[in-house]
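Data first, discussion second: the structure below is written as structure tokens.
When reading the values below, keep in mind they use all heavy atoms of this one structure, side chains included, and skip hydrogens, waters and symmetry mates.
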Amino acid sequence: IETITEAWAVIEFIPNGPDAAGDTFYWRYENDDGSFGQINPAGDLPPDEVAVLEYDLLDYTRPHLLLPSIGLAKYQDVTGGPPVTADPGEFLGIASDDFTINNVSLRLSSPDLCGLYLVTDAGDEAQHEDVSAETCDTDPAISGDQCTLRAALQTTGSFERKVVVFKEDLSENDILPTAAYPEITKRTIIDGTTKAPEKQMIISGAGVLDSAPAGFTVKANRSVLKGLRIQNFSADGIRIEGATSVRLDSLFVTDNGGAGLHARQSPELSVLRSRFENSGSDGITIVGSRDAVIGGSSADQNRIEDNGRDGIRVEGSTSTGVKIGGNRIASNDSSGVFVSGSPSSRLFGNTIQDNGRDGIRIFDSPSHRIGGTSSDSSNSIVRNQENGIFLRGSSTFDVQVLGSGIAQNSGHGIQVINGLTVQIGGTGAGEANRILGNGKSGVSVEGDEASQVSVRGNSIYDNDGMAID
């Protein structure tokens with residue numbers, strides 16, 4: 001539940017005798033700074049009768065505390081000792097020994113309740129004939145629900161969105177679809193997270209016909225794929241088409257024939273804590289999709305390695321504002337990152353190494369920032385088989401390269417052909433690049449249209465060619 005419009009706790013109190021007179025029930029909460037407080041919403045409890053009280057939690061909690069957890073505990077005076085709970089955000093009900101709490105219920109209202117489908121069967125059987133049913137079941141004639149991943153995806157139900165989770169022991173089995181999964185056209189969250197962090201639900205497309213476009217095709221806004229290993233599909237591992245704000249988290253996408261991820265016309269995509277490896281094409285392809293975020297901080301790092309073309313490829317004039325941060329992008333057959341015709345990207349905090357062509361290649365694309373002035377925004381661009389950074393075309397202008405380490409690449413450290421208004425380093429704090437040990441020049445600028453290229457404040461040494469050519 002993402003939006004709660006009503007939250008009521010209903011509690012039945014039974015007095016344990018006349019000593020209960022004047023006793024109280026409290027709600028206790030802990031603040032973000034570690035301090036805590038108590039709220040007495042109902043006053044003293046009646047000493048001689050069973051009381052059923054309803055507490056409107058939205059009246060007594062700050063919105064950002066609602067509602068990670070609710071607990072009950074014996075009374076503890078607000079002035080003595082730490083809170084019963086040690087978890088910030090927990091909302092705790094506390095009653096004295098003179099009352100027995102006989103029954104507790106929690107009543108929530110929300111406009112976006114979801115259908116929850118538990119996958120219990122690693123097979124590939126389809127949903128029974130009534131795909132509009134609220135339950136996932138491949139055979140209603142058998143007692144209980146026999147729910148496969150295919151059936152869960154086929155079931156439409158009446159909910160605005162659905163969540164698909166997996167029975168814990170299914171992580172011991174690969175799920176082997178025999179045909180393409182249905183397209184995801186209703187907001188769907190597929191969460192393969194298990195109790196063992198090293199385990200993921202494995203979805204293997206080895207038995208799917210070559211005509212399948214992808215392992216998963218997502219066309220619904222705000223869908224989520226999490227905790228899955230998606231492998232051995234003949235085309236893309238994941239394909240996102242025309243869907244906004246899709247989130248991919250903690251995935252391992254490997255050994256697929258196309259791209260690991262191919263997103264088209266899908267703005268505000270986020271890709272976090274995932275691995276894209278051994279794809280036949282790019283690790284990640286972004287086409288016509290603005291404001292994509294791939295990685296972020298080091299905690300959100302993706303590993304994009306050993307793919308058959310570029311690690312990350314961004315194309316199209318509407319792929320604006322793409323952020324690529326904190327990732328390891330290594331050993332891809334072509335460039336680590338290739339941006340073609342897409343403006344205003346930002347690349348920061350990445351390790352980009354051992355790729356078959358350039359570390360970063362930007363063609364005919366304006367307004368980019370590579371690196372930055374803080375330590376966590378610096379890129380490490382090393383040991384790529386051509387240039388560390390290659391900027392090409394008169395449409396490649398207003399580019400900054402700041403605070404990064406560019407070393408031991410086989411070509412130039414940075415090569416600019418016909419670029420305009422390019423800033424490489426600077427005299428401000430943290431702006432200088434370290435450009436060393438490259439196979440040609442440290443910085444090469446060429447082409448009749450090259451203009452207003454600034455190379456200042458950098459440390460450039462031990463390159464086989466000139467420092468600045």
Side-chain angles (χ1 to χ4, degrees), residues 236 238-242 258-269 271 276 279-295 302 304 307-325 327 329-330 332-348 350 352 355-371 379 381 384-401 404 406 409 411-412 414-424 444-447 449-450 453:
D236 302 325
I238 303 166
R239 191 173 184 90
I240 304 172
E241 297 181 355
L261 164 64
H262 190 149
R264 303 183 69 88
Q265 286 74 52
S266 297
E268 301 175 11
L269 166 71
V271 183
F276 296 86
S279 302
S281 183
D282 305 315
I284 297 175
T285 304
I286 306 291
V287 180
S289 303
R290 62 171 174 80
D291 299 323
V293 177
I294 302 172
N302 300 291
I304 304 160
N307 297 289
R309 198 166 68 163
D310 301 308
I312 300 173
R313 187 180 187 95
V314 182
E315 298 179 348
S317 61
T318 55
S319 289
T320 63
V322 174
K323 295 181 176 64
I324 301 171
N327 304 290
I329 307 169
N332 299 286
D333 286 359
S334 191
S335 296
V337 178
F338 180 27
V339 180
S340 177
S342 303
S344 305
S345 66
R346 185 175 176 204
L347 295 89
F348 57 94
N350 300 287
I352 304 174
N355 295 287
R357 298 193 71 177
D358 305 303
I360 297 172
R361 169 180 287 214
I362 298 178
F363 281 9
D364 294 314
S365 307
S367 303
H368 302 283
R369 183 180 176 94
I370 300 171
N379 297 292
I381 305 170
N384 297 286
Q385 294 303 304
E386 295 185 8
N387 305 300
I389 299 174
F390 185 18
L391 309 175
R392 180 172 180 173
S394 59
S395 296
T396 299
F397 59 88
D398 189 22
V399 177
Q400 294 178 303
V401 182
S404 293
I406 305 163
N409 300 284
H412 304 288
I414 301 174
Q415 183 177 28
V416 181
I417 297 180
N418 291 326
L420 307 174
T421 57
V422 176
Q423 176 188 350
I424 300 173
S444 171
V445 180
E446 56 187 282
E449 298 180 61
V453 178

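- Contact between A263 and L269 at its shortest, heavy atoms only, is CB-CD2, 3.9 Å.
- Within a 6.0 Å radius of CZ in R309, more than 12 heavy atoms belonging to other residues, nucleotides or ligands are found.
- N350 contributes a side-chain N or O that, together with a main-chain N or O of I324, makes up a donor-acceptor pair within less than 3.5 Å.
- Applying side chain to side chain contact (heavy atoms under 4.5 Å, CB included) to I406 and the options V401, I424, N379 leaves one that passes, V401.
- Side chains of N307 and D282: no donor on one and acceptor on the other come within 3.5 Å.
- R361 has its side chain out of reach of R392: every pair of non-hydrogen atoms, C-beta onward, lies at least 4.5 Å apart.
- Between the side chains of S345 and H368, at least one donor-acceptor pair of N or O atoms lies under 3.5 Å.
- Between the CD1 atom in I414 and the CD1 atom in I381 there is a gap of 7.5 Å [rounded to 0.5 Å].
- Residues passing the salt bridge (charged side-chain N to carboxylate O under 4.0 Å, His left out) test with R290 are E268, sequence neighbours excluded.
- Under the 3.5 Å distance criterion, the side-chain polar atoms of T421 are matched with a main-chain donor or acceptor of D398.
- Just one of N384, N387, N409 meets the side chain to side chain donor-acceptor pair (under 3.5 Å) condition when paired with D358; it is N387.
- Shortest non-hydrogen contact noted between V314 and S319 is CG1-CB, 3.7 Å.
- Here the rule is side chain to side chain contact (heavy atoms under 4.5 Å, CB included) with T396, and of N418, L391, V339 only L391 fits it.
- Under the 3.5 Å distance criterion, the side-chain polar atoms of S365 are matched with a main-chain donor or acceptor of F363.
- In this structure the side chain of R369 never reaches within 4.5 angstrom of the side chain of F348, judged on heavy atoms.
- Closest of all the heavy-atom pairs between I370 and S404 is O-OG, 4.3 Å.
- Considering every non-hydrogen atom in both I240 and L261, the closest pair reads CD1-CD1, 3.7 Å.
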message: Is there a side chain to side chain contact (heavy atoms under 4.5 Å, CB included) between I294 and I286? Walk through the geometry before answering.
response: CA-CA 10 Å; I294 302 172; I286 306 291; 4.3 Å; yes
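- In terms of modelled atom types and a separation under 3.5 Å, the side chain of S335 and the main chain of I360 share no donor-acceptor contact.
- Heavy atoms only, all atoms of each residue included: G260 and S279 are closest at N-OG, 3.2 Å.
- At least one donor-acceptor pair closer than 3.5 Å links the side chain of S289 to the backbone N or O of Q265.
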